[in-house]
Amino acid sequence: MRIAFMGTPDFSVPCLRVLIEHGYDVVGVFCQPDKPVGRKQILTPPPVKELALQYGIRVLQPTTLRGGAGLALLQELEPELVIVVAYGKILPQDFLSYPKYGCVNVHASLLPKYRGASPIHWAILNGDSETGVTTIQMDAGMDTGDILRVAKVPISPDDTAESLFETLSVLGAETMLATIDDIEHGRANPTPQDHTRATTVGLLTKQLGDIDWTKSALQIHNQIRGLYSWPGAYTFLDGMMLKIHKASLTNVTSAKAPGTVVQSKDSLLVCCGDGRCIALTEVQLVGKKRMAAADFLRGHAVPVGTILTSAEKEA
RNA sequence: CGCGGAGUAGAGCAAUCCGGUAGCUCGUCGGGCUCAUAACCCGGAGGUUGUAGGUUCAAAUCCUAUCUCCGCAA
């Protein structure tokens with residue numbers, strides 16, 4: 001089967017890899033144009049492009065698919081099926097309807113929940129106990145197509161957005177293969193989504209990382225692990241931003257004001273809004289490297305009673 | 001040349017402005033002490049102060065260049 005692949009970030013890589021390894025005829029790979037990255041603004045190719053180049057697969061990086069531009073490329077590649085995994089652009093209708101088997105999208109949530117840009121993070125931010133991947137037959141809407149396959153996975157209390165990313169990208173690849181197999185053998189059974197239960201999530205912003213200590217310890221813990229390792233959660237210590245990379249829940253309770261440091265030996269134990277304390281175990285001060293809280297405390301005395309504040313209160 | 005911070009003992013920091021025996025907390029090693037604690041007391045080891053030049057009687061510190069790491073912004 002002639003397949004065109006569309007994807008850009010790390011999440012898409014396992015999918016493309018298994019397509020190649022299973023001998024599918026990948027006739028072309030679409031991804032976003034190279035972008036300047038990092039402090040030096042070095043032009044960096046997306047991860048998917050690098051993999052494609054290793055296998056000598058043709059890479060296409062159009063800035064737009066609209067106005068027939070995308071369709072023209074498809075007519076050149078003549079794919080029977082298009083697989084889309086975190087590509088990053090909306091596909092126009094003429095593009096969607098070109099391939100014999102249409103376009104299939106691999107989405108990292110249990111649709112119709114968390115349509116949109118950052119489903120993995122929101123599953124953790126909201127404290128969900130399970131998430132998964134869904135493959136859909138794409139239509140013109142954003143993640144609104146009929147469901148082909150679903151694979152669920154539990155979210156453990158230790159999971160971070162990063163660890164789930166890893167898990168779901170692999171699960172996504174497996175589910176994609178199964179879906180393609182269904183299509184090849186005429187077993188596909190598209191089921192419409194329950195649109196009344198749909199939720200949509202947007203792009204993450206840095207601002208989401210600002211910790212509001214009046215929230216419960218559980219909510220704050222979800223925030224820290226849901227935003228790890230990007231964009232990350234943070235708070236303010238003596239007017240300086242302190243990034244919180246890792247933290248763990250404790251059974252310690254305290255009647256102190258939310259944000260108060262109640263212990264600062266091996267970790268920073270901070271009182272939250274519901275009276276429970278959360279232990280900050282890996283932190284990073286502005287301009288410094290990330291380090292274990294115990295290391296941080298050797299060089300920075302944080303007296304018990306110090307109060308951590310949110311950006312809003314700083315301003 | 002987008003803005004800024006930082007390289008000092010195994011770890012985290014101080015001393016740098018104003019040049020003069022590199023210090024603190026922790027770890028580590030040895031000894032002591034206690035029914036006991038993230039215990040406490042005593043002692044030791046561990047450094048070409050990122051690199052290369054320059055100024056000076058003397059440079060972690062001042063000057064020049066260079067490498068690396070990091071925060072913001074994008």
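Only a predicted model underlies this, so the values are computations on that prediction, with no experimental measurement involved. Order of the sequence lines sets the chain letters (A, B, ...), proteins ahead of strands, with each chain counted from 1.
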* Pick out which of A:Asp143, A:Thr199, A:Asp128, A:Thr131 makes a side-chain hydrogen bond (donor to acceptor under 3.5 Å, both in side chains) with A:Tyr114. => A:Asp128
* Asked: According to the Watson-Crick and G-U wobble definitions, with both distances under 3.5 Å, which nucleotide is paired to B:U49?
  -> none
* Asked: Over how many whole Å does the gap from A:Gln207 atom CD to B:A73 atom P extend?
  -> 11 Å
* To do: If B:C3 has a Watson-Crick or G-U wobble mate with both distances under 3.5 Å, name it; if not, just say none.
  => B:G71
* **Atom C1', compared across B:A15 and B:G47: separation rounded to whole Å** => 15 Å
* Taking the same atom, P, in B:A22 and in B:A6, what whole-Å distance lies between them? -> 24 Å
* Tell me: CE of A:Met291 to P of B:G12, nearest whole Å? -> 6 Å
* Asked: Is the closest basic N to carboxylate O distance between A:Arg225 and A:Asp158 below 4.0 Å?
  -> no
* Structure fact -> Between CG of A:Leu297 and P of B:G12 the distance, given in whole Å, is 13 Å
* Asked: Hey, which of these two, A:Phe296 or A:Gln263, hits RNA chain B nearer its 5' end, going by closest nucleotide?
  -> A:Phe296
* Could you give the CD-to-P distance, from A:Gln284 to B:C72, as a whole number of Å? -> 8 Å
* Asked: So do the side chains of A:Ile180 and A:Tyr101 get within less than 4.5 Å of each other, counting heavy atoms only?
  -> no
* Asked: Any donor-acceptor pair under 3.5 Å linking the side chain of A:Gln193 with the backbone of A:Gly145?
  -> yes
* Output the single nucleotide from B:C72, B:A38, B:A6 whose closest atom is nearest the side chain of A:Lys288. => B:A6
* Asked: Rounded to whole angstrom units, what separation is found between the CG atom of A:Asp34 and the P atom of B:A74?
  -> 21 Å
* **Contact under 4.0 Å: A:Lys265 side-chain N or O vs B:C26 OP1/OP2** => no
* To do: To the nearest Å, give me how far apart CZ (A:Arg298) and P (B:A11) are.
  => 11 Å
* Asked: How far, in whole Å, is B:U61 from B:U16 if one measures between their P atoms?
  -> 13 Å
* Structure fact -> A:Lys243 NZ to B:C70 C1', in whole Å, measures 10 Å
* Spacing of the P atoms in B:C3 and B:C40 (rounded, Å) -> 48 Å
* Just to confirm, is there a sub-4.0 Å distance from OP1 or OP2 of B:A74 to any side-chain nitrogen or oxygen of A:Lys35? -> no
* Compare the minimum distances between each of B:G71, B:A38, B:C72 and the side chain of A:Val286, then state the nucleotide with the smallest one. => B:G71
* Asked: Heavy atoms, side chains only, cut-off 4.5 Å: are A:Ile90 and A:Phe95 in contact?
  -> no
* Take atom C1' in B:A59 and the same atom in B:C24, then report the distance between them in whole Å. => 23 Å
* B:U8 to B:G2 separation - P atoms, rounded to the nearest Å -> 27 Å
* Using the C1' atom on both, measure B:C62 against B:C17 and round to a whole Å. => 11 Å
* Atom P, compared across B:U49 and B:A60: separation rounded to whole Å -> 6 Å
* Structure fact -> Pairing partner of B:C62, by Watson-Crick or G-U wobble and under 3.5 Å for both distances, is B:G54
* **Whole-Å distance separating the CH2 atom of A:Trp230 from the P atom of B:A74** => 11 Å
* **5′-ward residue of the pair A:Leu285/A:His300 relative to RNA chain B** => A:His300
* Would you say A:Leu237 and A:His300 make side-chain contact, with heavy atoms under 4.5 Å? -> no
